[in-house]
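First up is the structure itself, then whatever we jot down about it.
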2 protein chains.
Amino acid sequence: MGQHCDSRPLLTPDDWATLKRSAILRDLSDTDLAALLDPRGVRSLERGHLLFQQGDPARALFLVLGGQIKLSRINPGGDEAVVHIYGAGESFAEAAMFLGGRYPVAAEAIVPSRVMSIESEALRRKVAERPEIAFAMMASMSRHLKVLVDQIERMKLLSADQRVAEFLLGLGAGKAGAVTVSLPHEKSLIAKQLGMKPATFSRAIARIRELGVEVNGNQARIGDTAALRAFVNRSAED
Amino acid sequence: MGQHCDSRPLLTPDDWATLKRSAILRDLSDTDLAALLDPRGVRSLERGHLLFQQGDPARALFLVLGGQIKLSRINPGGDEAVVHIYGAGESFAEAAMFLGGRYPVAAEAIVPSRVMSIESEALRRKVAERPEIAFAMMASMSRHLKVLVDQIERMKLLSADQRVAEFLLGLGAGKAGAVTVSLPHEKSLIAKQLGMKPATFSRAIARIRELGVEVNGNQARIGDTAALRAFVNRSAED
DNA sequence: GTTGCGGCTTGACGCAAATCAAACGCGAAA
DNA sequence: TTTCGCGTTTGATTTGCGTCAAGCCGCAAC
């Protein structure tokens, strides 16, 4: 397993750097890291390629070496709910290792990507002998939990316009004043992430133009971060 | 801290039984358990009492000994999004221990409740010496992650009627045929959990009556579980 | 150049859920 | 008993978002 991958199943120095920066591995020594990682676990994925499907037996967690991996839930009718999109240095599917062995979501590369898988069993053994990995994993899962709680809050309390505004502010990474950011994916995918239709996303952008937001192609300019923040925090009844 | 609680700050035999059944502690021996738990961590809470507020420094995780604890997110405008409600034997706020030390949600007793707190530091030390606790915690966090992913999927893909139907099915715990269940909270709180208004919840129940659902007070009868399941799985376009 | 295609925008329309508000239990207290 | 308060139901109305569909733009293939 993990052998039949595409082009370059090798760990480049860049990959090593990415791995050593990742939240769940950064506390490990080079020796530990080498013991844990199996270079055969590296996989290259073309755009649109599925890493695993919803319901597949969960045998590994993954680290993104490069590209973007989309986790989503697909219901029997074929509708898709995007749970999250992970980039280089992030890990996902830690949780699946514990959940009766099935992935509850599907993972798809939305751009050409490279990921490294770590077999559950190898990891479990390593955790048993080095508890600090456990802390790192729990921290990583905690972050995922918070991301999901945030998402639920947004879905329940914010309008489509506010969700778009908040998404743009998030791209600006908390900077103040006027910011220019580039959209990380196609607009239709962002729309799905935010739980709305492409048409609604488009209209939302048109409406928040009057709050100082300009979007051209995949470049977005926020004229006044504070004003936009205020709009997001504005509650329903005023 | 933990000392100034109300009536009976003691661990009853019932409490012990609850703790030993709980997911994150069930793998521990009595000796380990005794070493980890501090009876002074037990707190009794009246209905409406806050265990902690959103933004409070996170110094402990909690186990519910009895009652119900609601985790929710409140935005600056005062609107509330209910994240989850925990009952006896469940644990929460594991994640907060790792997240820069602030609770991202508020915790409130919605009925008279008893909880046991476990100090982060004590737990961290215990985890370092007994990795199996780490596995139990990760399993627990995994379950929380799945709960949240499910919730996101429901919010994004299901109508109000379907969410209510699925909620009732969940109360029936997967039983088939005709089931009678009791609603675990006030209807207005269930509505909030499902991300809708009380009025909408009431109307949803009225509408799914024709699918064989009868609700009187806090008793709900599902006439045909399979039919209701089919309704929930029905996707938008048909 | 032309054609075709995929993603984006825009408009017209319908519907599901929110809103506002009134009325209806129903249990607790007087 | 009456009264109060709170949660629930119900009705009338508004609105936000989805749906359907047409048109637009940029781009690659021809």
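Residue numbers begin at 1 in each chain, while the letters A, B, ... track the order of the sequences. Computed from heavy atoms alone, side chains included, the values below leave out hydrogens, waters and symmetry copies. As the structure is a prediction and not an experimental result, all values here were calculated from the model.
Here dC8(C) presents its C1' atom at 12 Å from CG of L183(A), a figure rounded to the nearest Å. Here dT19(C) presents its C1' atom at 19 Å from CZ of F201(B), a figure rounded to the nearest Å. Distance M155(A) CE to dA17(C) P: 12 Å, rounded to the nearest Å. Taking atom CG of residue N218(B) and atom P of nucleotide dG27(C), one finds them 12 Å apart after rounding to whole Å. The CG atom of L158(B) sits 15 Å away from the C1' atom of dA17(C) (whole-angstrom rounding). To the nearest angstrom, P of dT9(D) lies 10 Å from CD1 of I190(B). Rounded to whole Å, atom P of dG7(C) lies 20 Å from atom CG of N216(A). Rounded to whole Å, the distance from CG on L189(A) to C1' on dG6(C) is 15 Å.
Applying the 4.0 Å criterion to OP1 and OP2 of dC20(C), one finds that K197(B) has every side-chain N and O outside that range. Note on T200(A): every side-chain N or O is 4.0 Å or more away from OP1 and OP2 of dG16(D).
The existence of a salt bridge linking R114(B) and D15(B) is confirmed by a sub-4.0 Å separation between a basic side-chain nitrogen and an acidic carboxylate oxygen. A salt bridge is defined here as a Lys NZ or Arg NE, NH1 or NH2 lying under 4.0 Å from an Asp or Glu carboxylate O, and R229(B) with E166(B) meets this definition.
Side-chain contact annotation: E108(A) with H49(A), donor-acceptor N/O pair under 3.5 Å absent.
A donor-acceptor pair under 3.5 Å is formed between the side chain of Q54(A) and the backbone N or O of I74(A). Counting only distance, with no hydrogens or angles, the side chain of S117(B) and the backbone of A60(B) share no donor-acceptor pair below 3.5 Å.
Minimum atom distance to the side chain of A199(B) is reached by dT19(C), of the listed dA17(C), dT19(C), dT9(C). In the set dT9(D), dT9(C), dC17(D), the nucleotide with an atom closest to the side chain of K187(A) is dT9(C). The nucleotide whose nearest atom lies closest to any side-chain atom of S159(A) is, among dG7(D), dC17(D), dT10(D), dC17(D). The side chain of E186(A) lies closest to dC8(C), out of dC8(C), dA18(C), dT9(C). Checking dT8(D), dT9(C), dA17(C) against every side-chain atom of D161(B), the shortest atom distance belongs to dA17(C).
In terms of polar N and O atoms assigned as donor or acceptor, the side chain of R203(A) never comes within less than 3.5 Å of the base of dG16(D) in a complementary pairing.
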